[in-house]
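Accompanying notes for the structure given below.
Computed from a prediction, not measured in an experiment: that's the story for all the values here.
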Amino acid sequence: MKRWPFHGGVKLPGHKEESTTRPVEPAPLPKRLILPLSQHIGAPAEPVVAVGDKVLKGEVIAKAGGFVSAPVHASSSGTVTAIGEHPVPHPSGLSAPCITIETDGKDRCLKHKQQTDFRQLDPATIREQIREAGIVGLGGAGFPAFIKLNPGKPVNTLILNGAECEPYITCDDMLMRERAGEVLRGLLIIQHAVQAQRCIIAIEDNKPQAAHAMQHALQRLAADPIDIVTVPACYPAGGEKQLIKIVTGQEVPSGGLPIQIGVVCHNVATAAAVCRAVEHGEPLLSRYVTVTGSAVAEPRNLDVLIGTPVLELLNHCGTDFNNLEEVIMGGPMMGIALADHGVPLVKTGNCLLAVSRGEIEQRPSVMPCIRCGNCADACPVSLLPQQLYWHARSKDFDKIQEYDLFDCIECGCCAYVCPSNIPLVHYYRFAKSEIRSLQEQKRRADIARERHEHRERRLAREKAERAARHARKKPGTDDKAKKAAIQAALERARASKQGAPPDDV
Amino acid sequence: MFKKSLSSPHIHHPGYSTQGMMFRVILALLPAAAAYAWLFGWGVVINILLAVTVALACEAAMLTVRGRPLRPAITDGSAILTALLLVFALPPLAPWWLTTIGVAFAIVVAKHLYGGLGFNPFNPAMIGYVVLLVSFPRELTLWSLPAGLAAHTLDFGATLSYIFSGALPANLSIDALTSATPLDVMRTQLGLGQTTGEIMTAQPVFGFVGGKGWIWINLLLLAGGVWLIYRRLINWHIPVALLGSLFVISLLFYLLDPKQSPSPLFHLFSGAAILGAFFIATDPVTAATSNIGRLWYGAGIGVLIYVIRSWGGFPDGVAFAVLLMNMAAPTIDYYTKPRVFGHGKKDA
């Protein structure tokens, strides 16, 4: 099959073999599970349990807080001990609302409904099941999966993303090796739901075993319009828009969604979760997580219950805390450095990368940009990163948008190759958030202005109406009516003086 | 590999640093510098040492005045590179004050008064050279003869003494040691009504394509430049566009009138075309940045070199051509923005 290259990208040392030598095993059941209400893009989930409630594994503990939202399930049985702020994996290091469950160690499960063959189900039912299962994009974005299953347009190509282009991360690789059938059946379910004409499973060429396992499963299933495509390992080949370009040659329009060009793209782990939800009625309770890095004695992949504290996973794999510099959730290119090891593993957490002290490079300070253009050569979106940097530094937010700041996918290629060691992506994030907050301010100012103008108009109108009333009344103030009114008042006063009880007052 | 960072990415390419880039460019220049010294004597070595010393002293002084940390900027190699490039443009027997003024002007005015590394709109070495060319034209034309042509050569002590005091050994005059550069000779003789063929055979400074000896320096510069492209320290666009356009335009005039127009190879291998193409025009700070922009930028320099050499007031035009295109670089960048992913073709 033909493949189309994308501009730029960088070749990165993979560091994948470290964590693929040991088979995947379930992580031990933690004493406490911390389940953030917002593990997805969209509105946070709303708790439906109270402190003290006993919950079973698979029970809904927070319902979707809107259309673009996802419910949260208890990933093991136990007692709800707290509903409130707890540190979560977020770049800011801030806390967010979480439900804490003290596990009872029994892992008692809610009885799942027995499912029928998905081919008998109509797409709407499948979407509903996926929505109820709380499945979000497990590749990292965390967009509620059911929404992408309701494209509202004919789907030409369904792409399953098994590229996993970031260094160190191997959870999708291991998932494809060990649960190829599940991934494939999930793909077929999604295909059925979106009525896709053809399916492509894209795997980077540094995962031959995964590709082989998928091929093997495919032969057993004998499903027709599915192609397994190996793509050259080049970061960020696993970026959604980049991968679509590689396998279809088409570019998703700027600011648009893949469905605009008839493409839907899902991660392989999402497909496996879809399979379990539809075949067994099982919500998203666990995921494969890579625990790796030089500070970890036994790097490996674990099957982890959502909400397990990161610290327990690090401990389980033998992390040398004395020598630990930082823990990154996600990969080294786009992951977030955790400020607190007590944070829970969330639905989108694919990797824990524990970096030892010796691995941190002692580099000279940031040097001035010498306009070498390495960044522009590496940018997969063909932006001019040094111009963006320049305008971000001078806070020229109009100019920076002319240079298409919002097309930046924050992949980090530019900063990776910058000889001056400038934290370029940091500048872009700064500019984006400044622009968003300015836009928000402007929106609010517009609303306030509108309100003000509205009020002014209302006051003017009322004034005019009063004046009109006044003007109407003036000539019509005939004495008869006035006198009659005075007369009536006098009579009422008289009547009350005569001793009638003022019961009607 | 990993670095302390506020936000992603948390890793950095281990081979990329400003310092590493500068020193590799210097490394690529060294074989040609050695050949230059071999052919033209101790003066080149003394000039290099003097220029580098002055450059580092000026850099340190300016950093101190501007209140900037000394270490990262002094060790980045950029001042050394500027000094080295300027020495290639200076006569091997240039008096000490000439070298000092050129280097000091390059570092103090052309670099630091504009904001230091990365902020200078013009190539500092070329500014330094042009200041000397405009102020002291006579000193810049006194070029020593290459080995094999010179009847007399100066030893280290005599060279040092000449550069710093202007005193020559008793039996020598400066005219016996120097002559005009090949490009200068070609220009003067063409002005006297000679044809290129006559000039090339009659004048001893010419070898088989250009100036005698220069061919070796230029071939080593070419090798260094190709190595830089191979190591991805520079892109091929500027050198290829520069040399390509110079070749095409000189070929055009050569075919029209071979008697009055030197051959394309003469243009490529005499004077500073190769040095300019690989080491000066490719200075990223002052060049265009997109690949299409780099092609326009390089081609512009190539054409301007030919125009200045053929019809301008100076024998070689590399410095002026580079400075003129430095001015045009921001405009070129503006009009050659690459098409961003997901944007329509017309958007480019």
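Using a 4.5 Å cut-off between heavy atoms, Asn235(B) touches chain A through its side chain atoms alone. For Cys369(A), the part lying near chain B is the backbone, with the side chain staying farther off; criterion is any non-hydrogen pair under 4.5 Å. Interface remark: Lys241(A) contributes backbone and side-chain atoms alike to the contact with chain B (heavy atom separation under 4.5 Å). At a 4.5 Å heavy-atom cutoff, the contact between Arg294(B) and chain A is made by side-chain atoms alone. Contacts between Asn120(B) and chain A at a heavy-atom distance below 4.5 Å are absent for every atom of the residue.
Sparse packing is recorded around CZ of Arg232(B), with 12 or fewer heavy atoms of other residues, nucleotides or ligands lying under 6.0 Å away. The local environment of CZ in Phe321(A) is crowded, with over 12 non-hydrogen atoms from other residues, nucleotides or ligands closer than 6.0 Å. The number of heavy atoms from other shown groups lying within 6.0 Å of CZ (Phe406(A)) is above 12.
In summary, the aromatic rings of His10(B) and Phe2(B) are positioned with their centroids too far apart to meet the 6.0 Å limit.
For the set Ile336(A), Asp377(A), Asn374(A), Leu12(A), the entry with the most heavy-atom pairs within less than 4.5 Å of chain B is Asp377(A). Options Gly330(A), Pro380(A), Gly335(A) differ in how many heavy-atom pairs under 4.5 Å they form with chain B, and the most are formed by Gly335(A). Put simply, of Ala376(A), Pro253(A), Pro91(A), the one with the most heavy-atom pairs under 4.5 Å next to chain B is Pro253(A). Counting heavy-atom pairs under 4.5 Å between each of Leu353(A), Ile261(A), Asp404(A) and chain B puts Asp404(A) at the top. Comparing Gln387(A), Glu325(A), Gln242(A) by how many heavy-atom pairs each has under 4.5 Å with chain B, the most go to Glu325(A). Highest contact tally toward chain B, considering only Val425(A), Val355(A), Leu383(A), is held by Val355(A) [criterion: heavy-atom pairs under 4.5 Å].
Applying the ring-ring contact (aromatic ring centres under 6.0 Å, His included) criterion to Phe6(A), with sequence neighbours excluded, gives no partner residue.
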- Task: Quick one: do Arg429(A) and Ser7(B) satisfy side chain to side chain donor-acceptor pair (under 3.5 Å)? Show the steps, please.
- Result: CA-CA 9 Å; Arg429(A) 291 199 181 106; Ser7(B) 64; 2.8 Å; yes
- Query: Does the side-chain contact (heavy atoms from CB on, under 4.5 Å) test come out yes or no for Trp227(B) and Arg24(B), once each step is laid out?
  - Reply: CA-CA 10 Å; Trp227(B) 180 74; Arg24(B) 272 175 222 144; 3.9 Å; yes
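Close approach to chain A, defined as a heavy atom under 4.5 Å from one of its heavy atoms, is seen in no residue of residues 106-116 of chain B.
A salt bridge links Arg339(B) with Glu251(A): the closest approach of a Lys/Arg side-chain nitrogen to an acidic carboxylate oxygen falls below 4.0 angstrom.
Here the side chain of Ser290(B) pairs no donor or acceptor atom with the backbone of Pro338(B) at under 3.5 angstrom.
Considering Val346(A), Thr348(A), Leu352(A) as possible partners of Pro89(A), the one that fulfils the side-chain contact (heavy atoms from CB on, under 4.5 Å) test is Val346(A).
Looking only at side-chain heavy atoms (C-beta outward), Leu304(B) and Val318(B) stay at 4.5 Å or farther from each other.
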